[in-house]
Amino acid sequence: MRTNNRMSDDDIAKLKAVALYVLDKCGETDFIHLFKIIYFAERKLYATYGQHLVKDSFVAMEHGPVPSNLYDALKLMNSKGGNKAVKPISDALKPAGGECAWFFVKANEKPNLDELSPAE
């Protein structure tokens, strides 16, 4: 388990590309589904190739695993706090559910597929 929660600019760009790729394929979705899709993709890639998809720490929460830096980006997107280092991710996302459903998100730009390998 990775406990270092500090991410480089490259790690943030990769996490942004992964989140945008999922949203590009799924359309708008809620945080929980986005987190779970990324978690299971991370798990499958690690089991198959022995490498991590993203360098984010997954935290066990009530409704499933949560990548902490991506969650910070989504909170920052909704002006609910969050780590300012992940601002490039929050700028690439936009709320989709209005004030009552602030936990829905959609992509504000296309994913940079150069950040992802074919296996990823």
Side-chain angles (χ1 to χ4, degrees):
M1 180 177 164
R2 289 161 291 172
T3 56
N4 184 357
N5 210 19
R6 189 169 201 100
M7 294 179 70
S8 70
D9 290 342
D10 289 340
D11 297 337
I12 289 172
K14 175 80 168 277
L15 180 58
K16 175 182 168 182
V18 169
L20 289 173
Y21 180 82
V22 171
L23 291 170
D24 188 53
K25 296 299 178 188
C26 296
E28 70 180 53
T29 189
D30 61 278
F31 292 8
I32 293 171
H33 286 100
L34 177 62
F35 296 159
K36 285 184 179 182
I37 290 167
I38 293 172
Y39 172 76
F40 284 114
E42 164 83 18
R43 202 174 122 181
K44 174 127 174 115
L45 187 72
Y46 190 75
T48 305
Y49 298 102
Q51 69 184 47
H52 292 283
L53 177 61
V54 294
K55 291 188 177 159
D56 203 348
S57 298
F58 285 86
V59 179
M61 300 287 272
E62 181 180 354
H63 298 290
V66 174
S68 59
N69 286 293
L70 181 56
Y71 187 47
D72 280 347
L74 293 169
K75 289 189 291 187
L76 191 60
M77 174 193 73
N78 282 307
S79 303
K80 297 186 182 301
N83 179 358
K84 302 280 191 246
V86 294
K87 186 151 176 39
I89 300 172
S90 66
D91 290 345
L93 306 171
K94 61 183 173 185
E99 193 170 314
C100 294
W102 59 269
F103 46 86
F104 278 87
V105 64
K106 60 184 170 183
N108 203 20
E109 60 187 65
K110 291 289 187 189
N112 179 1
L113 298 180
D114 292 338
E115 293 288 336
L116 305 173
S117 72
E120 294 169 334

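All of these numbers come straight from a predicted model, not from anything done at the bench.
Using a 4.5 Å cut-off on side-chain heavy atoms (C-beta onward), Ile37 and Thr29 make no contact. Under the 4.5 Å side-chain criterion, counting only non-hydrogen atoms from C-beta, Leu23 is in contact with Leu93. For the pair Leu20/Ile89, no side-chain contact is recorded, criterion being any heavy-atom separation below 4.5 Å from C-beta on. Between Gln51 and Glu120, the closest side-chain pair of non-hydrogen atoms falls below 4.5 Å. Here the side chains of Pro67 and Phe35 are in contact, with some heavy-atom distance below 4.5 Å.
In plain terms, the two heavy atoms of Ala73 and Ser90 that are nearest each other are O-CB, 3.1 Å. Annotation for Ala17 and Pro111: closest pair O-CB, 3.8 Å, computed over non-hydrogen atoms. Taking both residues in full, the closest heavy atoms of Glu28 and Ala96 are given as OE1-CB, 3.6 Å, listed atom of the first, atom of the second, then distance.
In this structure, Tyr71 and Phe31 have perpendicular ring planes: the angle between them is above 60°, well past the 30° mark.
By the salt bridge (charged side-chain N to carboxylate O under 4.0 Å, His left out) test, Asp91 pairs with Lys87, sequence neighbours left out. Scanning for ring-ring contact (aromatic ring centres under 6.0 Å, His included) contacts around Tyr21 gives an empty result, with sequence neighbours left out. With sequence neighbours excluded, the residues satisfying salt bridge (charged side-chain N to carboxylate O under 4.0 Å, His left out) with Glu109 are Lys16.
Taking the charged nitrogens against the carboxylate oxygens, Asp11 and Lys14 have no contact shorter than 4.0 Å, which rules out a salt bridge.
Cluster annotation: Val66 is connected to Phe40 through the hydrophobic network of ILVMFWY side chains, with a link wherever side-chain heavy atoms come within less than 4.5 Å. Under the 4.5 Å side-chain contact rule for hydrophobic residues, Ile12 and Leu116 share a cluster.
The line from CG of Asn78 to CZ of Phe103 is 10.5 Å long, rounded to the nearest 0.5 Å. For the atom pair CD of Glu115 and CG of Leu15, the computed distance is 10.5 Å after rounding to the nearest 0.5 Å. A distance of 15.5 Å separates OH of Tyr39 from CG of Leu34, quoted to the nearest 0.5 Å. A distance of 13.0 Å separates CD1 of Ile38 from NE2 of His33, quoted to the nearest 0.5 Å. Here Phe58 contributes atom CZ and Lys36 contributes atom NZ; the two are 13.0 Å apart, rounded to the nearest 0.5 Å. For the atom pair Lys94 NZ and Met77 CE, the distance stands at 11.0 Å (nearest 0.5 Å).
Looking at Asp56, its side chain does come within 3.5 Å of a backbone N or O of Leu70 through a donor-acceptor pair.
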